[in-house]
Amino acid sequence: MYGAIESIMVKHPKDAFISQDHLNRHWREYNYVTCPDYDEAVREYEQFEALLKQHVPDIRYLPADERTGIDSIYAHDSVKITKKGAILLHPGKKLRQGEPEAVRDYFASIGIPILGEIQGDGLVEGGDVVWMDERTIAVARGYRTNDEGIRQLRELVADIVDECIVVPLPHGNGPDECLHLMSIISYVDKDLAVVYSKLMPIFFRELLIQRGVKLIEVPDDEYDNLGCNVLAIGPRKVILSAGNPVTKRLLEQEGVEVMEYKGTEITYKGTGGPTCLTSPLARS
Ligand SMILES: NC(=[NH2+])NCCC[C@H](N)C(=O)O
């Protein structure tokens with residue numbers, strides 16, 4: 001989605017990364033590229049947060065929670081917001097499976113209704129679910145989201161969605177690596193998206209083109225630097241992790257306003273771009 005964000009949920013590194021000591025103990029099991037520097041992560045986050053504050057009227061902060069680990073900084077994955085309430089998801093990454101319960105409690109405290117949840121053998125992560133328009137969603141079938149999860153999701157959205165397009169993901173670098181649908185596509189406007197076509201099934205790429213979406217192709221090295229993960233805070237207004245000059249230039253050529261933050265610690269090392277760091281609660 002690309003409508004102006006009116007309300008957004010995030011989790012501050014002080015509540016997800018906790019401390020340098022906590023990061024030192026956990027980054028390996030969470031499969032980070034290397035250990036984030038805590039102080040630098042907090043500085044980077046301040047810059048990221050400042051961009052959000054300039055453009056988003058309402059920012060909500062998930063509190064620290066014992067049931068969650070360092071990946072909970074990526075607030076996008078444990079919940080999906082619909083017009084009829086929130087869907088609590090069930091992450092395929094085992095270490096993240098405590099996150100939806102923490103979101104449930106937080107939403108109860110701020111009065112956000114729950115539409116339903118993915119349960120049992122069903123697995124779905126937020127990064128695998130993309131709104132293509134008001135009544136169409138694309139959901140990836142990969143290592144983080146399985147067939148049973150997709151079946152449950154379809155049931156939950158049956159009366160709000162006309163079509164649920166399933167996009168199979170490739171094996172890529174294997175089950176331990178984070179590969180979401182949002183790793184390979186970010187909408188920046190109704191008719192414009194940033195994509196990494198190499199990992200995209202042909203039918204899906206053709207469908208996007210057929211739907212009138214112009215594709216901005218992210219080069220390989222910028223894909224590795226999360227260049228394909230771009231947060232639209234409004235139509236043609238985006239936040240991008242710094243160090244993706246080609247993607248930035250291509251976006252600007254399409255008349256997109258690009259704002260950057262340094263994301264070495266909070267984005268690159270944990271493989272989570274600006275869309276992963278946020279969960280939009282309301283868009284216009
Ligand atoms: N929506 C996203 N792409 N989130 C990225 C999450 C990264 C996180 N380290 C994980 O493996 O789960």
Side-chain angles (χ1 to χ4, degrees), residues 1 8-11 13 16-18 22-23 26-36 41 44-45 48 62 67-81 87-100 102-103 118 123-131 137-146 149 153 167 169-170 172-187 193-196 199-200 218 222-232 238-241 244 263-280:
M1 290 289 237
I8 203 163
M9 180 176 77
V10 295
K11 190 163 179 178
F17 286 177
I18 311 290
H22 191 79
L23 282 166
H26 295 288
W27 71 272
R28 279 193 189 82
E29 58 171 332
Y30 278 85
N31 200 34
Y32 279 34
V33 176
T34 179
C35 187
E44 288 182 356
Y45 204 79
F48 179 66
L62 266 168
R67 293 166 289 187
T68 70
I70 61 175
D71 266 350
S72 60
I73 191 171
Y74 303 115
H76 196 92
D77 293 318
S78 50
V79 63
K80 208 79 203 180
I81 304 295
I87 300 178
L88 295 172
L89 304 175
H90 189 201
K93 185 168 177 173
K94 285 217 162 47
L95 287 166
R96 302 194 65 177
Q97 289 180 348
E99 292 179 34
V103 171
I118 306 295
L123 300 172
V124 177
E125 291 194 3
D128 279 331
V129 183
V130 171
W131 287 96
I137 53 172
V139 54
R141 162 67 170 91
Y143 284 121
R144 304 292 189 94
T145 295
N146 66 7
L153 182 69
V167 184
L169 290 180
N173 290 320
D176 295 335
E177 193 100 333
C178 180
L179 174 60
H180 281 130
L181 186 56
M182 284 185 167
S183 313
I184 60 172
I185 179 165
S186 304
Y187 271 91
V194 169
V195 297
Y196 189 61
L199 295 179
M200 196 175 269
V218 174
E222 297 192 7
Y223 169 77
D224 293 336
N225 191 38
L226 282 298
C228 197
N229 192 282
V230 170
L231 175 66
V238 304
I239 298 181
L240 172 71
S241 179
N244 296 300
T264 315
E265 315 299 321
I266 59 173
T267 284
Y268 174 69
K269 291 184 180 175
T271 328
T275 68
C276 320
L277 286 165
T278 53
S279 184

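Counting starts at 1 for both ligands and their atoms, following the listed order. Numbers here simply count residues along the sequence, with the first being 1.
- Remark: minimum distance from atom 10 (C) of ligand 1 to any protein heavy atom is reached at Asp71 OD2, 3.4 Å.
- When each of Asn31, Asp71, Asp77, Asp176 is paired with Lys93, the side-chain hydrogen bond (donor to acceptor under 3.5 Å, both in side chains) condition holds for Asp71 and for no other.
- Counting heavy atoms from C-beta outward, Thr275 and Tyr187 have side chains that stay 4.5 Å or more apart.
- The aromatic rings of Tyr32 and Tyr74 sit tilted, their planes meeting at an angle between 30° and 60°.
- When hydrogens are left out, the protein atom nearest atom 11 (O) of ligand 1 is Arg144 NH2, 2.8 Å; that is the closest non-hydrogen contact.
- The atoms of ligand 1 that sit less than 4.0 Å from any heavy atom of Gly270 are 7 (C), 8 (C), 9 (N).
- With hydrogens left out, the protein atom closest to atom 2 (C) of ligand 1 is Cys276 SG, 2.8 Å, a heavy atom.
- Contact annotation: Met182 has no heavy atom less than 4.0 Å from any atom of ligand 1.
- In this structure, the side chains of Gln97 and Leu123 come closer than 4.5 Å at one or more pairs of heavy atoms.
- With a 6.0 Å radius and a threshold of 12 heavy atoms from other residues, nucleotides or ligands, Tyr268 has its OH atom at or below the threshold.
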Exercise for the section: In sequence, state the C-alpha distance, the side-chain angles, and the governing distance for Leu277 and Val10, and then conclude on side chain to side chain contact (heavy atoms under 4.5 Å, CB included). Expected result: CA-CA 6 Å; Leu277 286 165; Val10 295; 6.0 Å; no

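- Considering only non-hydrogen protein atoms, atom 1 (N) of ligand 1 sits nearest to Asp77 OD1, 2.8 Å.
- No side-chain heavy atom of Cys35 sits under 4.5 Å from any side-chain heavy atom of His26.
- The protein atom (non-hydrogen) at minimum distance from atom 12 (O) of ligand 1 is Arg96 NH1, 2.7 Å.
- At least one N or O atom of Lys93 sits closer than 3.5 Å to an N or O atom of ligand 1.
- At under 3.5 Å, not a single nitrogen or oxygen of Tyr30, backbone or side chain, sits near a nitrogen or oxygen of ligand 1.
- Protein heavy atom nearest atom 5 (C) of ligand 1, with residue, atom name and distance: Thr271 O, 3.3 Å.
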